[in-house]
Amino acid sequence: MRTIDWGNGRIIAIEQTLLPGELTTLEIDTVDQLIDAIGRLAIRGAPALGVAGALGVALAAVRGGDVRAEALRLRAARPTAVNLAWGVDRVLAVADQGVDAMVALAVEILEDDVRRNRDLGLRGAKWLLERLDGPVNVQTHCNAGALACVEWGTALGVVRALHEAGSLGHVYVDETRPLLQGARLTAWELAQLGVEHTVVVDSAGPSVIARGLADVVIVGADRIAANGDVVNKIGTYPLALAAARAGIPFVVAAPESTVDLATSTGADVEIEIRSPAEVGVPNALNYAFDVTPADLVTAIITDERVVHGKPLG
Ligand code: MRU
C-alpha cells in the first residue's frame, strides 16, 4: 500500500496519526483538507511532503481554484522540509499548460519518488558494505521509511536493502518524542519487514552508540544546506556527536529534492516550532528539527550520488 497516492481526482493517504493501532486512509478532496493533514502530521516525512505539495497544486487545479494562491498556502503548511516547496513549485511551473499537464506532472513526481528511493537504498547498502562487514547493526531516528515517502523509504530504504542482501544485524530505533515517529511508525514498518529491532528512549540513543551496539547511524533529512549541514528531526544532532566520538559513520540518506542549494547553511533554515501540547506541558519549547553540522556527517547518499563531508553543488 502506498503512503500517498492519486486516484479519481483526489489524494489518498495513510492517516499516520492513528498508526500502529489503526491502518486507515484519508480521502482528500480539497487543499484545506490537505493542509490540515500536513499540519497535524497525518501526512509527514520530507519526500511524502514533496509529493503532497505536487498533488496539492494539481488538486487545486482540478477543483478550479486560484492555483497560485493555493500553492502559497500549501508551501506554508510546514516550513522546514524543503521538499514541500519543491513539489509545489514544480507543478506550479506548468500551470500555464493546463490542468491535465499539472496532474500528469504531479503523478510523475509520485512515481519518480518510488524509483529514486529504491536507487538510493541500493546505493547506500553498497556503500556501507564496501566499508563495514555484515551483519551491520544500525541506529536510526524518527521515521525515514515508506511512510515518509510514497513507498520504500530513504534511511529505512538502505536498511531494507541491507536486509534483502542478508547483511543486516539489529536496528535500534529512537522513540522520537514527542510524536513517536520512531516507536510508532518505524517500529511498525520494521516489524512488517521481519527486521529485528529494539526501541530505545531518545536519551538512550547516544549510549547505544557508546556501548558499541550500533555500527552505523543512518537517518533521513528534511533539508540539506549547500554547505552540507543536515536538518532533520530533533534529536538527530546528539546521535551525530556520539557517532563522531565512537568513530562510527553517520550517514544521511535523502533524495536530491531534499538538497537546497539556495540555503547556504543550516543556520539559515526555519526550524518549525510546534505546539507545547504535543509535549504534554504548557511551557515546552517544542523545536521539531535540529541542525547537524556538515563536519559530523560521514556521507550524504542521494538517488544520484554519494557526497563525503564537503559542500554540495
Ligand atoms: O515531523 P516529521 O515526522 O515530518 O519529520 C520527519 C523527519 O524528520 C524525517 O527524518 C525526514 O523527513 C526524512 S523522511 C525520509
Side-chain angles (χ1 to χ4, degrees), residues 3-4 13-17 19 35 37-53 77-87 113-114 116-121 124 138-160 173-189 202 205 217-224 230-240 250-260 266 269-275 278-279 286-292 297 300-303:
T3 298
I4 183 164
I14 293 179
E15 165 55 270
Q16 298 196 33
T17 64
L19 285 171
I35 289 173
I38 290 171
R40 59 188 182 81
L41 271 55
I43 299 171
R44 49 148 297 282
L49 290 174
V51 172
R78 286 190 84 189
T80 305
V82 70
N83 306 62
L84 179 58
W86 169 89
D113 181 82
V114 179
R116 285 178 178 272
N117 287 327
R118 278 181 193 264
D119 287 355
L120 187 164
V138 176
Q139 166 88 49
T140 191
H141 190 69
C142 195
N143 173 266
L147 290 167
C149 306
V150 175
E151 284 181 11
W152 193 259
T154 59
L156 282 197
V158 177
V159 167
R160 274 176 92 154
V173 181
D174 283 354
E175 60 176 354
T176 317
R177 288 268 299 147
L179 296 180
L180 304 181
Q181 288 93 329
R184 288 190 305 111
L185 307 179
T186 298
W188 182 73
E189 285 196 39
D202 293 330
V217 178
I218 314 177
V219 294
D222 289 88
R223 194 183 294 234
I224 300 170
V230 172
V231 180
N232 191 47
K233 179 54 59 189
I234 192 87
T236 300
Y237 177 40
L239 297 182
F250 178 86
V251 174
V252 176
E256 287 289 331
S257 51
T258 302
V259 177
D260 180 13
V269 178
E270 179 182 349
I271 302 294
E272 181 181 7
I273 300 177
R274 295 185 60 86
S275 167
E278 290 181 347
V279 182
N286 189 12
Y287 282 118
F289 301 95
D290 62 21
V291 179
T292 297
V297 179
I300 295 170
I301 296 170
T302 81
D303 46 304

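What's counted below: heavy atoms across the whole structure, side chains too, no hydrogens, waters or symmetry copies. Counting starts at 1 for both ligands and their atoms, in listed order.
- The atoms of ligand 1 that sit less than 4.0 Å from any heavy atom of L41 are 1 (O).
- Nearest protein neighbour of atom 11 (C) of ligand 1, counting heavy atoms only, is D222 OD1, 3.3 Å.
- Those atoms of ligand 1 that come under 4.0 Å of a heavy atom in R78, given as number and element, are 1 (O), 2 (P), 4 (O).
- Rounding to the nearest 0.5 angstrom, the gap separating the CG atom in L49 from the CH2 atom in W86 is 12.0 Å.
- At the shortest separation from atom 3 (O) of ligand 1 among protein heavy atoms lies R44 NE, 2.5 Å.
- At distances below 3.5 Å, at least one donor-acceptor pair connects side-chain atoms of T186 with backbone N or O atoms of C142.
- Numbered from 1 in the order shown, with element, the atoms of ligand 1 that lie under 4.0 Å from a heavy atom of Q181 read 1 (O), 2 (P), 3 (O).
- Remark: ligand 1 atoms within the under-4.0 Å shell around heavy atoms of A144 are 14 (S), 15 (C).
- A distance-only check finds a donor-acceptor pair linking the side chain of D303 to the backbone of E256 [under 3.5 Å].
- Counting heavy atoms under 4.0 Å from ligand 1, residue H141 does not touch it at all.
- At a 4.0 Å cut-off, not a single heavy atom of A81 sits close enough to ligand 1 to count as contact.
- Side-chain contact between L41 and R274 is present, with heavy atoms from C-beta onward closer than 4.5 Å.
- Of the protein's non-hydrogen atoms, A148 CB, 3.4 Å is the one closest to atom 14 (S) of ligand 1.
- In this structure, D113 contributes its side chain and V150 its backbone to a donor-acceptor pair below 3.5 Å.
- Those atoms of ligand 1 that come under 4.0 Å of a heavy atom in G45, given as number and element, are 4 (O), 12 (O).
- In this structure a side-chain-to-backbone donor-acceptor pair under 3.5 Å is present from T3 to A146.
- With a heavy-atom cut-off of 4.0 Å, N143 touches ligand 1 through its backbone alone.
- Annotation for ligand 1: atoms under 4.0 Å from non-hydrogen atoms of F289 are 1 (O), 5 (O), 8 (O).
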Report the C-alpha distance between R40 and E278 in whole Å, list the side-chain angles of each, state the deciding distance to 0.1 Å, and finish with yes or no for salt bridge (Lys or Arg N to Asp or Glu O under 4.0 Å). CA-CA 10 Å; R40 59 188 182 81; E278 290 181 347; over 6 Å; no
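- Shown here are the side chain to side chain donor-acceptor pair (under 3.5 Å) partners of T154, two or more places apart in sequence or in another chain: there are none.
- Remark: distances from the non-hydrogen atoms of E272 to ligand 1 are all 4.0 Å or more.
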Name every donor-acceptor pair, under 3.5 Å, that has one atom in a side chain of residues 231-239 and the other anywhere in the protein, sequence neighbours excluded.
from : atom 1 : to   : atom 2 : distance (Å)
N232 : ND2    : G220 : O      : 3.4
N232 : ND2    : T236 : OG1    : 3.0
K233 : NZ     : A288 : O      : 3.2
T236 : OG1    : K233 : O      : 2.6

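- Ligand 1 has at least one atom lying under 4.0 Å from a heavy atom of P47.
- When non-hydrogen atoms are compared, ligand 1 lies under 4.0 Å from the backbone of K233 as well as from its side chain.
- Of all non-hydrogen atoms in I4 and C149, the two that sit nearest each other are CG2-O, 4.4 Å.
- Neither side chain, R184 nor N143, offers a donor N or O lying under 3.5 Å from an acceptor on the other.
- The closest donor-acceptor contact from the side chain of E15 to the backbone of T17 lies under 3.5 Å.
- Nearest protein heavy-atom contact of atom 9 (C) of ligand 1 is N232 OD1, 3.4 Å.
- Remark: ligand 1 and A46 share an N or O pair separated by less than 3.5 Å (distance only, no angle test).
- When heavy-atom distances to ligand 1 are checked against a 4.0 Å cut-off, C142 comes that close only through its side chain, counted from C-beta outward.
- Counting only heavy atoms of the protein, atom 15 (C) of ligand 1 lies nearest to T154 OG1, 3.0 Å.
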